[in-house]
Amino acid sequence: MSSPAPPLLVPVLVAALVSVLSALAVLLTLWVISTFCCRRRAIQTPPPPVQVEHGPDSMLPVVGDEQPMRDPDSCRLPLDPAWELDRQRLKLGSSIGEGYYGRVLSANFSVPGGGSDPVAVKMLKNNFCKADLMDLVSEIEFMKQGLL
Ligand SMILES: Nc1ncnc2c1ncn2[C@@H]1O[C@H](COP(=O)(O)OP(=O)(O)OP(=O)(O)O)[C@@H](O)[C@H]1O
C-alpha cells in the first residue's frame, strides 16, 4: 500500500505541472505565429520565372514544381518560328470543352493569303501551376513530332 504524498509535495507538483503547461502553451503560440508568418511570406514572394529547357536526349521540357503561377507573363515560352502562328490572326470563339488542365475554344484563323480556317485553340485554365504548363508543353512537343 502506498503512503499518501506529504502535504507540501502536492502544491509543488501542481506548480510544476502549471509551469510545464504554460511553457507548452508559449511554444505552441510561437509555432503558430511562425507558421502563419512563413505562409504569408511565401504568398507574397512571387514565384521565379519558369525555365523551359529541352534536355539533350529528350524532347520533354524541364520545368519546375506545382506552385500556382500567379503571373502568366513570367512563363512566356521561347518562340518556335517553325510552328508559331501570328495570334493577331486568331479570332477566338466559344468554348468547346475542357480537359484536366486546359480548355479548348473554337476560333477562326485568318490565312495570310486571304480567307480563314476554323481551328481549335487550347489554352491553360486560370490558376494553372507549373506542372500544368509542363503538360501543355509536352503535348505541344508530341504534336510537333506527329505523335499525337
Ligand atoms: N482539335 C479539337 N477539335 C475539336 N474539339 C476539341 C479539339 N481538341 C479538344 N477538343 C474538345 O475539347 C475537350 C477538351 O480537350 P483537352 O485536350 O483539353 O482535354 P482531354 O484531351 O479531353 O483531356 P486531358 O486534359 O486529360 O488530356 C475535348 O474533350 C474535346 O471535346
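Keep in mind it's a predicted model, so treat the numbers as computed, not measured. We count ligands from 1, going down the list as the structure has it; atoms in each ligand are counted the same way.
Only side-chain heavy atoms of K122 come within less than 4.0 Å of ligand 1; its backbone N, CA, C and O stay farther off.
Counting protein heavy atoms under 4.0 angstrom from atom 28 (C) of ligand 1 gives zero. For atom 21 (O) of ligand 1, no protein heavy-atom neighbour is present inside the 4.0 Å cut-off. For atom 14 (C) of ligand 1, a protein non-hydrogen atom is found at a distance below 4.0 Å.
The line from CD1 of I33 to CG of L28 is 10.0 Å long, rounded to the nearest 0.5 Å. Note that CG of D132 and OH of Y100 are 6.5 Å apart. Values are rounded to the nearest 0.5 Å. Of the inter-residue distances, the one linking L92 atom CG with R87 atom CZ reads 9.0 Å to the nearest 0.5 angstrom. Within the model, atoms CG of D135 and OH of Y101 stand 5.5 Å from one another, a figure rounded to the nearest 0.5 Å. For the atom pair CG (N108) and CZ (R89), the distance works out to 13.0 Å, reported to the nearest 0.5 Å.
Protein heavy atom closest to atom 9 (C) of ligand 1, with residue, atom name and distance, is V104 CG2, 3.6 Å. Residue, atom and distance of the protein heavy atom nearest to atom 3 (N) of ligand 1 are A120 CB, 3.7 Å. Among protein heavy atoms, atom 19 (O) of ligand 1 sits closest to G99 CA, 3.2 Å. Nearest protein heavy-atom neighbour of atom 11 (C) of ligand 1: I96 CG2, 3.8 Å.
Checked against a 3.5 angstrom limit, the closest N/O atoms of Y100 and ligand 1 fall inside it.
Nearest heavy atom pair, residue R103 against residue L124, reads NE-O, 4.3 Å.
Residues M123 and L105 form a side-chain contact, since some pair of their non-hydrogen atoms from C-beta on lies under 4.5 Å apart.
Interface atoms of ligand 1 facing E98, defined by a heavy-atom separation under 4.0 Å, are 13 (C), 14 (C).
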